[in-house]
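What you see is a predicted model, and the numbers here were worked out from it, not measured in a lab. Chain letters run A, B, ... following the sequence lines, proteins first, then strands; residues in each count from 1.
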There are 2 protein chains.
Amino acid sequence: MRPKNLEKEEAIRTIALQIIAEEGLENLTMQKLAKAANISPRTIYIKYDNKEDLLVKLFIEEVLSAYEQAVLKDFQFDMDFSEGIKKLWLNGFAYFKNNRHAFVLMQYGKSSPLLNKAYQQKSIKQGDFFGPIMRFLEHHVVAGTIRNFHHDIQRALLFSPLIDLMSEYFDYQERPEQIITEETLLQCCDAVIKGMLK
Amino acid sequence: MRPKNLEKEEAIRTIALQIIAEEGLENLTMQKLAKAANISPRTIYIKYDNKEDLLVKLFIEEVLSAYEQAVLKDFQFDMDFSEGIKKLWLNGFAYFKNNRHAFVLMQYGKSSPLLNKAYQQKSIKQGDFFGPIMRFLEHHVVAGTIRNFHHDIQRALLFSPLIDLMSEYFDYQERPEQIITEETLLQCCDAVIKGMLK
DNA sequence: TATTTGTAAGTAAATAATCATTTACTTACT
DNA sequence: AGTAAGTAAATGATTATTTACTTACAAATA
């Protein structure tokens, strides 16, 4: 039996992300993808049921899971609040800086109904958002360090500025000077932390 | 000469926004739109050059401009910082609560390259983001009330949580209980303000 | 006042391109 | 030698946009 060529599988994913980042999700077609990956359209259908299946797997496996893993690196739920949030911010920043394509698809997750559905299902399955972060926040609510908000609200307050600053980072990459550095990011992080403390 | 039927023009815009909100931008087709609006596809092309022109005008005129107008209602640049930010948050909340369709297209503006380009062009043209808000922030930087960040950074810190909470509001509308009320929103706004104060 | 007329608005149906997916076949490995 | 992986080319549906025609009205004419 002829064995699977794993390089082709990876090429499909990498080039799909690339097309989405450069031309938009609405301009990704199976035939364009096949051509760019130097394979036959049929090959994509050996690895994925259909376009929807490809997109959902791309979103969940290449974007959400990879981001989760990167952001939780060296993070423990019993860290000091300020230290923990800074760790999460810097991990997220480092990850997306090197994975702009994943960042773009993640942004599509907020608008495209298809990806949104996939996101909500994953969130529900794994007990809302990133387990260790939830435990970390609960711990600090109980300890009285921070305000007691619903965790969906906490996520919005603590991490949506990071995502927005990430967008700015990429925008400013095409301009003469970059305003989002690790230093300014940490100042922003300080502001967000200060707002959450009791 | 036969006069333009303005109702048809409005139907095109309203129903386009509706389809985008319910089925996604990627599922809006000219023929589907024409059918839903009870007109001929040709009629759309009398009012818009092509699909791109329609989408960009929809985004700029029905979403960005309408949002800007709504958010600046009763806002003056010389307001007290906390009072001003709360006004902007509550205006934004009230607007999007009643304009979910516009909110969805606004979110697409962050991912779709087409809309993103349109957004940046508009931003540049009108001197970055919403004039009175910039003056307001500059005033408070000079007065020493708040930290001195680049205005793109200030926007991320002050308003991205609101947009994220808006998303949560719509998510929770389909669940048993709503966690985003005007009360919780104001508490969040307080946290954001506290983080920005010197 | 009543009727004609010029013209942009509007329609139904066609067009050509492009799409996701499949068919019929070939290849490469166990 | 058997079989899943892979290919090139086709299929039928759907797409944005256009063609060829009709309609409705304001202004000009009688």
Side-chain angles (χ1 to χ4, degrees), chain A residues 1-60 62 105 108 111-115 117-118, chain B residues 1-61 105 108 111-115 117-118:
Chain A
M1 175 173 101
R2 186 175 177 175
K4 267 191 195 179
N5 186 339
L6 292 176
E7 278 174 31
K8 283 183 181 166
E9 169 118 34
E10 207 191 312
I12 291 172
R13 295 189 176 220
T14 309
I15 291 174
L17 281 176
Q18 192 181 325
I19 293 175
I20 292 167
E22 285 165 8
E23 305 176 43
L25 184 56
E26 55 273 36
N27 290 308
L28 175 75
T29 74
M30 298 303 258
Q31 287 171 103
K32 189 190 275 186
L33 172 57
K35 197 168 209 173
N38 236 323
I39 53 169
S40 153
R42 184 73 181 81
T43 305
I44 304 174
Y45 286 90
I46 290 169
K47 293 156 198 299
Y48 302 94
D49 290 346
N50 48 46
K51 193 180 180 183
E52 176 168 337
D53 182 47
L54 165 65
L55 289 176
V56 168
K57 283 189 173 139
L58 214 56
F59 182 59
I60 301 271
E62 299 289 311
L105 186 52
Y108 267 107
S111 24
S112 153
L114 170 65
L115 299 181
K117 213 177 60 185
Chain B
M1 172 172 102
R2 185 175 178 176
K4 269 192 193 181
N5 186 339
L6 292 176
E7 279 173 30
K8 283 182 182 168
E9 169 119 34
E10 206 190 314
I12 291 172
R13 294 187 176 222
T14 309
I15 291 175
L17 280 177
Q18 192 180 326
I19 293 175
I20 291 167
E22 285 164 9
E23 306 176 43
L25 184 57
E26 55 274 36
N27 290 309
L28 176 75
T29 74
M30 300 302 259
Q31 287 171 107
K32 190 189 274 185
L33 171 57
K35 197 168 210 173
N38 237 322
I39 54 169
S40 151
R42 184 72 180 81
T43 305
I44 304 174
Y45 287 90
I46 292 170
K47 293 155 197 300
Y48 303 94
D49 290 346
N50 48 44
K51 193 179 179 182
E52 177 168 336
D53 182 47
L54 165 64
L55 289 176
V56 169
K57 283 189 175 139
L58 214 55
F59 181 59
I60 301 273
E61 289 162 24
L105 186 53
Y108 268 107
S111 22
S112 153
L114 170 66
L115 300 181
K117 212 176 61 187

Nearest whole Å is fine: how far is [N] [atom2] from [X] [atom1]?
{"X": "A:L55", "N": "C:dA20", "atom1": "CG", "atom2": "C1'", "answer": "12 Å"}
{"X": "B:I46", "N": "C:dA12", "atom1": "CD1", "atom2": "C1'", "answer": "13 Å"}
{"X": "A:N27", "N": "C:dT18", "atom1": "CG", "atom2": "P", "answer": "13 Å"}
{"X": "B:I44", "N": "C:dT11", "atom1": "CD1", "atom2": "P", "answer": "10 Å"}
{"X": "B:E10", "N": "C:dA9", "atom1": "CD", "atom2": "P", "answer": "18 Å"}
{"X": "A:K8", "N": "D:dA4", "atom1": "NZ", "atom2": "P", "answer": "18 Å"}
{"X": "B:L114", "N": "D:dA16", "atom1": "CG", "atom2": "P", "answer": "13 Å"}
{"X": "B:K32", "N": "D:dA16", "atom1": "NZ", "atom2": "P", "answer": "10 Å"}

TODO: Would you please confirm or rule out a distance under 4.0 Å between OP1 or OP2 of C:dC19 and any side-chain N or O of A:K35?
DONE: no

Task: Any B:T43 side-chain nitrogen or oxygen under 4.0 Å from OP1 or OP2 of C:dT11 - done: yes

What contact category does [X] fall into here, base, sugar-phosphate, or nothing, at under 4.0 angstrom with non-hydrogen atoms?
{"X": "B:L33", "result": "nothing"}
{"X": "A:L28", "result": "sugar-phosphate"}
{"X": "A:K47", "result": "sugar-phosphate"}

Open item on the list: With nearest nucleotide decided by heavy atoms, which residue, A:R42 or A:M30, maps closer to the 5′ end of DNA chain C?
Closed with: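 Comparing both residues, the 5'-ward one is A:M30.
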
Selected nucleotide, minimal atom distance to [X] side chain, candidates [options]:
{"X": "B:K51", "options": "D:dT17, C:dT11, D:dT7", "answer": "D:dT17"}
{"X": "A:P41", "options": "D:dT17, C:dT11, C:dT22", "answer": "C:dT22"}
{"X": "B:T29", "options": "C:dA20, D:dT15, C:dT11", "answer": "D:dT15"}
{"X": "B:Y45", "options": "D:dA16, D:dT7, C:dT22", "answer": "D:dA16"}
{"X": "A:Q31", "options": "D:dA16, D:dA10, C:dT11", "answer": "D:dA10"}

Open item on the list: Quick check on B:E23: does its CD atom have over 12 non-hydrogen neighbours (other residues, nucleotides or ligands) under 6.0 Å away?
Closed with: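 Check passes, neighbour count above 12.
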
- [ ] Decide if atom CD of B:E52 counts as having more than 12 heavy atoms of other residues, nucleotides or ligands within a radius under 6.0 Å.
- [x] no

TODO: Answer yes or no: is there a donor N or O on one side and an acceptor on the other, between the side chain of B:K51 and the main chain of B:L28, under 3.5 Å?
DONE: yes

Task: Whether B:K32 side chain and B:N27 backbone form a donor-acceptor pair below 3.5 Å - done: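 Indeed, once roles are kept as given, a pair shorter than 3.5 Å links the two residues.
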
Open item on the list: Which residue is it: A:T43, A:L55, A:I12? I am looking for the one with a side-chain contact (heavy atoms from CB on, under 4.5 Å) to A:Y48.
Closed with: A:I12

